[in-house]
Amino acid sequence: MTEGPADDTDEPGPDESAPGLRVETPDEPGPGARADTDAVPTPPATAPDPVPTRPVPRRWWPWAALATVLALLACGVPAALLTGLADRHTDRPGAGRAAAPDDPARLAARRVGERLAAQLDRQAAALLGGDRAGFLAIADRGARADLTRRFAALRALRVSVWRAEPEGLPTPVAGRPGQWRQLVTFRYCLVVPDCTPSPVLIPTRWREGSDAPLLLAVEESRSARTGARPWEVSELVVAVGTRTVVATTPALRGKLPGLLAEAEEAAKVADRYAVAGPPPDRYRVFYAGRAEWRRWYGGGRPKWTAGYAVGVGGGHHEVVLNADAPPAPGPGELLRHELTHAASLPDRGHPGRPTWWLVEGLAEYAGADGAPVSRYDGLDEVRRLVTGDWDGRLEALAPADAAPADRVGGSYGVGYLAVRHLVDRYGEQQMLAFFRSVVHDRRPVEEASERVLGERWSTLHDWCVGYVRSAAG
């Protein structure tokens, strides 16, 4: 499953997500992405919502029907924190109302902002140097427990780049002299020191001190469409491989060795589907217990979701697996599916629901990893769908969040069979070129079909649907 509306982020750079056993993909502008939004003014949006989730395999759907419906996290940064942030860019040329250069309030904010930036730079250096005492030194005592957990999680994830960039000038807290609010974009890399950093926008609160401002609080990035990252809110244990980073909570520590081994094998498959450049430097995988599933990246996935991939900017997607979901039919199938989203999708997600079948079909094709069509687990669901109320149009295939489990499984299966037919007819490389033209280059499917495959889409569509019906028996 993939997530994240195609061109929406909450900070000045890419930032977004996708779920997994049958997977959903990000829509444009975003009805399929369940992302939190708020009224807080933010920098221009450029990143996608999470890629929709792949459903639980057919034989476990009765279990899925009993699952608790996940509620969206309360969205938005607390109103009190955001008061006055509407003008955070007014220090930039042409932004906001005009202010005299010697305006005392602006000069005071600028002085505070410079001191805050210096503190954040010191903290970044301490984090990268493994200096916990230095990381905590800029903070008030009341903030140190939260910061200690964040420090440990980021160090376990082998943070290799960490930059803090204040957004505009800080704003004073009404009724609390000496306190200030500041939005900060943090940019991070994991393991690899020369990656393109992923950005996350986080509100902070400070108090002026005699020597330097003290950090009072770091809020969760709930104003961003992707929601809180795992390292913001959870204690993590981590295993690092050649191609993957796998993390979970201490309660699920025993799952790490097996997860890492499966992720490393899945990465070998997913690497083949990097259609517009090299594969990700590391695939980032988070294994969520029940509480974490409801909280990480905003929660709120459909009850049939077993996993998803979230675009977080910098060319990275972070994959989340649901520990409460039953295992996939074959070893690594779910991971192959989700990691293929991470390898194949652009930062801004896919063009919209009409292309869902192609995005999810490719991930299902990778998940099957060359197995015969007769061994595909969802053929019964495909049969029920194609003999039921489906209108036979691939562009109308994407299931609703509340769709019954067999409708979801059938939809993923139809996408898989349609992509499988393209591979059988044109070969894998031509199919991937078609995928790139539609999903990355944003060409209409009609144009991409003629340009890449040399066939009218109306004809090819009918061939694909005919193959689906034939394979379903």
Side-chain angles (χ1 to χ4, degrees), residues 1-2 20-25 54-61 265-266 268-270 272-273 275 304 306-307 326-341 343-344 355-388 390-399 405-435 438 449 453 455 457 459-473:
M1 170 175 177
T2 61
L21 266 179
R22 319 272 193 235
V23 185
E24 305 171 27
T25 51
R54 183 173 185 248
V56 174
R58 171 182 55 82
R59 59 174 165 272
W60 293 299
W61 286 345
E265 289 302 310
K268 296 175 184 176
V269 175
R272 302 203 306 261
Y273 302 104
V275 300
W304 43 260
E333 181 181 343
L334 174 59
L335 276 162
R336 289 194 295 271
H337 180 117
E338 296 305 334
L339 267 55
T340 295
H341 281 315
S344 65
T355 63
W356 183 95
W357 69 273
L358 179 58
V359 173
E360 296 306 330
L362 175 63
E364 286 287 273
Y365 173 79
D369 195 23
V373 169
S374 60
R375 289 176 53 191
Y376 183 70
D377 190 61
L379 287 179
D380 287 343
E381 285 67 41
V382 174
R383 187 175 302 113
R384 285 196 288 271
L385 179 61
V386 300
T387 59
W390 179 47
D391 64 3
R393 303 303 305 172
L394 292 176
E395 66 271 17
L397 192 62
D406 61 346
R407 170 65 168 83
V408 174
S411 297
Y412 278 88
V414 170
Y416 159 69
L417 291 170
V419 168
R420 179 64 183 258
H421 180 64
L422 294 178
V423 173
D424 290 346
R425 179 174 286 273
Y426 298 102
E428 195 169 277
Q429 291 308 307
Q430 283 296 95
M431 180 274 294
L432 292 176
F434 174 70
F435 181 98
V438 172
S449 181
L453 304 177
E455 189 63 67
W457 175 243
T459 301
L460 184 52
H461 177 279
D462 290 347
W463 289 345
C464 287
V465 172
Y467 176 84
V468 168
R469 294 186 186 278
S470 174

Next on the checklist: Tell me every residue that passes side chain to side chain contact (heavy atoms under 4.5 Å, CB included) with A371, counting only those two or more places apart in sequence or in another chain.
Outcome noted: R375
Item to check | Nearest-0.5 Å distance that lies between atom CD in Q429 and atom CZ in F434 | outcome: 15.5 Å
Checklist entry - Do W390 and V414 come close enough that some side-chain heavy atom pair is under 4.5 Å? => result yes
Checklist entry - Can you name the side-chain hydrogen bond (donor to acceptor under 3.5 Å, both in side chains) partners of E428, sequence neighbours left out? => result Y365
Checklist outcome for this item: Rounding to 0.5 Å, atoms CZ (R336) and CZ (R272) come to a distance of 9.5 Å
Item to check | Smallest separation among heavy atoms of R384 and D406, with atom names | outcome: NE-OD2, 3.8 Å
Checklist entry - Going from CG on D391 to CG on L397, what distance comes out if it is rounded to the nearest 0.5 angstrom? => result 9.0 Å
Checklist outcome for this item: Sorted by chain and number, sequence neighbours left out, side-chain hydrogen bond (donor to acceptor under 3.5 Å, both in side chains) with S411 holds for R407
Checklist entry - Checking side chain to side chain contact (heavy atoms under 4.5 Å, CB included) for the pair V419/E364: CA distance, chi angles, key distance, verdict? => result CA-CA 9 Å; V419 168; E364 286 287 273; over 6 Å; no
Checklist entry - OG1 of T340 to CD of E360: how many Å apart, nearest 0.5 Å? => result 10.5 Å
Next on the checklist: If I compare all heavy atoms of L417 with all of L379, which pair ends up nearest, and what's the gap?
Outcome noted: CD1-CD2, 4.3 Å
Next on the checklist: Suppose we screen for salt bridge (Lys or Arg N to Asp or Glu O under 4.0 Å). Which residues come up paired with R425, at least two apart in sequence or across chains?
Outcome noted: none
Next on the checklist: E455: which residues meet the salt bridge (Lys or Arg N to Asp or Glu O under 4.0 Å) condition with it, sequence neighbours left out?
Outcome noted: none
Checklist entry - Which atom names give the shortest non-hydrogen contact between V275 and S344, and what distance separates them? => result CG2-O, 3.7 Å
Next on the checklist: Are the side chains of W356 and L394 in contact, using a 4.5 Å heavy-atom criterion?
Outcome noted: no
Item to check | Expected output: side-chain H341 to main-chain A363 donor-acceptor under 3.5 Å | outcome: no
Checklist outcome for this item: For G413 and Y376, the nearest pair of non-hydrogen atoms, with its separation, is CA-OH, 3.4 Å
Item to check | From R393 atom CZ to W357 atom CH2, the distance as rounded to the nearest 0.5 Å | outcome: 11.0 Å
Next on the checklist: Looking at K268 and E265, is there a salt bridge between them, counting it only when a charged N and a carboxylate O are closer than 4.0 Å?
Outcome noted: yes
Side-chain donor-acceptor pairs of residues 462-473 under 3.5 Å, sequence neighbours excluded:
unit_1, atom_1, unit_2, atom_2, d
R469, NH1, V386, O, 2.9

Checklist entry - Do R420 and D424 meet the salt-bridge criterion of a basic N to acidic O distance under 4.0 Å? => result yes
Next on the checklist: I'd like to check V373 versus Y416 (side-chain heavy atoms, cut-off strictly below 4.5 Å). Are they in contact?
Outcome noted: yes
Checklist entry - Looking at OG1 of T355 and CG of L362, how far apart are the two atoms once the value is rounded to the nearest 0.5 Å? => result 12.0 Å
Checklist entry - Closest approach of Y426 and L453, non-hydrogen atoms and distance? => result CE2-O, 3.6 Å
